[in-house]
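Remarks on the structure that follows.
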Amino acid sequence: MKDKVTIHTLKRLKQAAQKICMVTAYDATFARILDESGADVLLVGDSLGMVVQGHDSTLPVTMDQMIYHSVAVTRGARRAHVVGDMPFMSYQTSIEAAVRNAGRLVAEGGVGSVKLEGGAEFADTVAAITRASIPVMGHLGLTPQSVHKMGGYVVQGKDEQAARKILQDALALERAGCYALVLEGVPAELARQITQRLSIPTIGIGAGVDCDGQVLVCYDLLGMNPHFKPKFVKRYADLHGTITGAASAFFSEVRAGTFPDEDHSFHSKTLRLVASNAHPEPDAAEATEGTEKIGPIYGVPV
């Protein structure tokens, strides 16, 4: 296994002009697969509210839910750095609440850092969390927790004033102690300027090619929802088609009575039916009959 990725690894990658690969994960199985595939960073995103729970926004996601999914992801990851999203209202109410909840994500969820949305208005919050020895990743541009304030999921920073505000926010977050910054849904030209101005890595999603790295929701890059087609998403697989095809084949075989076949069934050479009120002692052959192993424990690498 390659060395564990840390926040210092990511800074070195920026300095060496090597792109950072980040992707979301929400459970141990996906985390293990994506980790083995070469992910540098796994983000336990509050996007789980939409892609896992079926909500139309990230707003209903709770701290307890984020911790639950973070624990699962950290069990599956070996090399990648794991970041946990601070959900809506877990840090906006007070600095004390922010530090406490960030601490829960690290102590209970096992993540290596936390991510929160917002600009200069949260600089003091970022500084307080980092003082508590918890690394913080910032998030600017299209910030899903502010969907109502933004009037929907729309590109941010398209005019000079708005772009200047995002740049100033980025500089403020760096000064406050952020070790990296997600830029979502901003013009490529703005993302390039911010990336050049900051000494910390930028991770883009719908922000052009000049960011220090890129992130996508794993379900999006794997093509699991054919109806979700934003411009910034490229599908690298058609898992929706693969899964529906496999499930349909299974259902057909079950209905036809061809599954399970002999290769997928167990047999006993010594089994005999006895009266329900009789309890005979098993002979030696019968005593070993139940020791046939079904297989490895699911979820544990073998």
Side-chain angles (χ1 to χ4, degrees), residues 6-8 10-11 22 24 41-49 55 57-71 73-74 81-150 156-157 162 164-186 194 197-203 205 215:
T6 69
I7 62 173
H8 303 296
L10 302 179
K11 188 170 185 178
M22 177 166 148
T24 66
V41 183
L42 294 177
L43 170 64
V44 189
D46 59 0
S47 48
L48 68 88
H55 297 296
S57 75
T58 64
L59 303 182
V61 178
T62 67
M63 270 300 303
D64 286 343
Q65 290 166 353
M66 287 303 308
I67 291 169
Y68 173 89
H69 287 275
S70 294
V71 168
V73 170
T74 54
H81 179 72
V82 180
V83 186
D85 256 339
M86 298 281 287
F88 183 59
M89 298 310 290
S90 67
Y91 62 94
Q92 291 94 335
T93 56
S94 71
I95 291 177
E96 291 75 15
V99 174
R100 181 173 59 254
N101 286 321
R104 288 192 65 198
L105 269 179
V106 173
E108 300 175 42
V111 301
S113 65
V114 301
K115 181 174 76 66
L116 57 81
E117 300 176 8
E121 67 274 20
F122 290 107
D124 290 342
T125 301
V126 169
I129 295 173
T130 56
R131 280 197 301 272
S133 300
I134 300 171
V136 179
M137 176 181 286
H139 186 155
L140 292 175
L142 196 168
T143 48
Q145 291 181 17
S146 302
V147 59
H148 296 310
K149 179 180 178 180
M150 293 183 301
Q156 303 294 303
R164 192 177 303 279
K165 173 66 165 59
I166 293 175
L167 174 58
Q168 294 305 313
D169 282 338
L171 294 169
L173 290 176
E174 180 181 40
R175 289 192 299 269
C178 281
Y179 74 89
L181 182 64
V182 170
L183 296 174
E184 179 173 0
V186 301
I194 294 174
R197 291 284 299 274
L198 298 183
S199 64
I200 60 175
T202 60
I203 311 294
I205 175 168
V215 59

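No hydrogens, no waters, no symmetry mates; every other heavy atom, side chains included, goes into these values. We number each residue from 1, following the sequence as shown.
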Quick check: do Ile7 and Lys11 have side-chain heavy atoms less than 4.5 Å from each other?
no
Which heavy-atom pair separates Gly138 from Cys178 by the least distance, and what is that distance?
N-SG, 3.7 Å
For Ile129 and Ala102, which heavy atoms make the closest approach, and how far apart are they?
CG2-CB, 3.9 Å
Less than 3.5 Å apart, any donor N or O on the side chain of Gln65 or Asp46 sitting next to an acceptor on the other?
no
Spacing of CD belonging to Glu108 relative to OG belonging to Ser70, to within rounding of 0.5 Å
10.5 Å
Would you say Gln145 and Tyr91 are linked by a side-chain donor-acceptor pair, where the criterion is simply a distance under 3.5 Å?
yes
Can you confirm whether Val83 sits close enough to Val114 that some side-chain heavy atom of one is under 4.5 Å from a side-chain heavy atom of the other?
no
Report the C-alpha distance between Leu42 and Thr24 in whole Å, list the side-chain angles of each, state the deciding distance to 0.1 Å, and finish with yes or no for side chain to side chain contact (heavy atoms under 4.5 Å, CB included).
CA-CA 5 Å; Leu42 294 177; Thr24 66; over 6 Å; no
Qualifying residue, where the test is side-chain contact (heavy atoms from CB on, under 4.5 Å) with Lys115 and the options are Asp85, Val44, Val136
Asp85
Side-chain (Thr143) to main-chain (Leu140) donor-acceptor, under 3.5 angstrom:
no
A quick test of your reading: do over 12 heavy atoms of other residues, nucleotides or ligands sit less than 6.0 Å from OH of Tyr179?
yes
Between Ala132 and Val99, the two heavy atoms sitting closest are CB-CG1, 4.0 Å
Is there a donor-acceptor contact under 3.5 Å linking the side chains of His81 and Ser113?
yes
Do Phe88 and Leu59 have side-chain heavy atoms sitting under 4.5 Å apart?
yes
Output the distance between atom CD (Glu117) and atom CG (Leu142), rounded to the nearest 0.5 Å.
9.0 Å
Nearest 0.5 Å, please: how far is CD in Gln92 from CG in Asn101?
10.0 Å
Side chains of Glu184 and Gln156: is there a donor and an acceptor less than 3.5 Å apart?
no
Is there a side-chain contact between Leu105 and Met86 (heavy atoms, below 4.5 Å)?
yes
Please evaluate residues Val182 and Ile205 with respect to the criterion side chain to side chain contact (heavy atoms under 4.5 Å, CB included), reporting the C-alpha separation (whole Å), side-chain torsions for both, the decisive distance (0.1 Å), and the verdict.
CA-CA 8 Å; Val182 170; Ile205 175 168; 4.2 Å; yes
Do you know the tightest heavy-atom contact between Leu173 and Gly118?
CD1-O, 3.4 Å
Measure the CZ-CD1 distance between Phe122 and Ile95 for me, rounded to the nearest 0.5 Å.
10.0 Å
Give me the atom names and distance for the closest heavy-atom approach of Met137 to Leu181.
CG-N, 4.3 Å
Taking NE2 in His55 as the centre, count heavy atoms belonging to other residues, nucleotides or ligands within less than 6.0 Å. Is the count above 12?
yes
Between Met150 and Gly141, which heavy-atom pair has the shortest distance, and what is it?
SD-O, 4.1 Å
Measure the shortest side-chain to side-chain distance between Leu171 and Leu198 over non-hydrogen atoms and say whether it is less than 4.5 angstrom.
yes
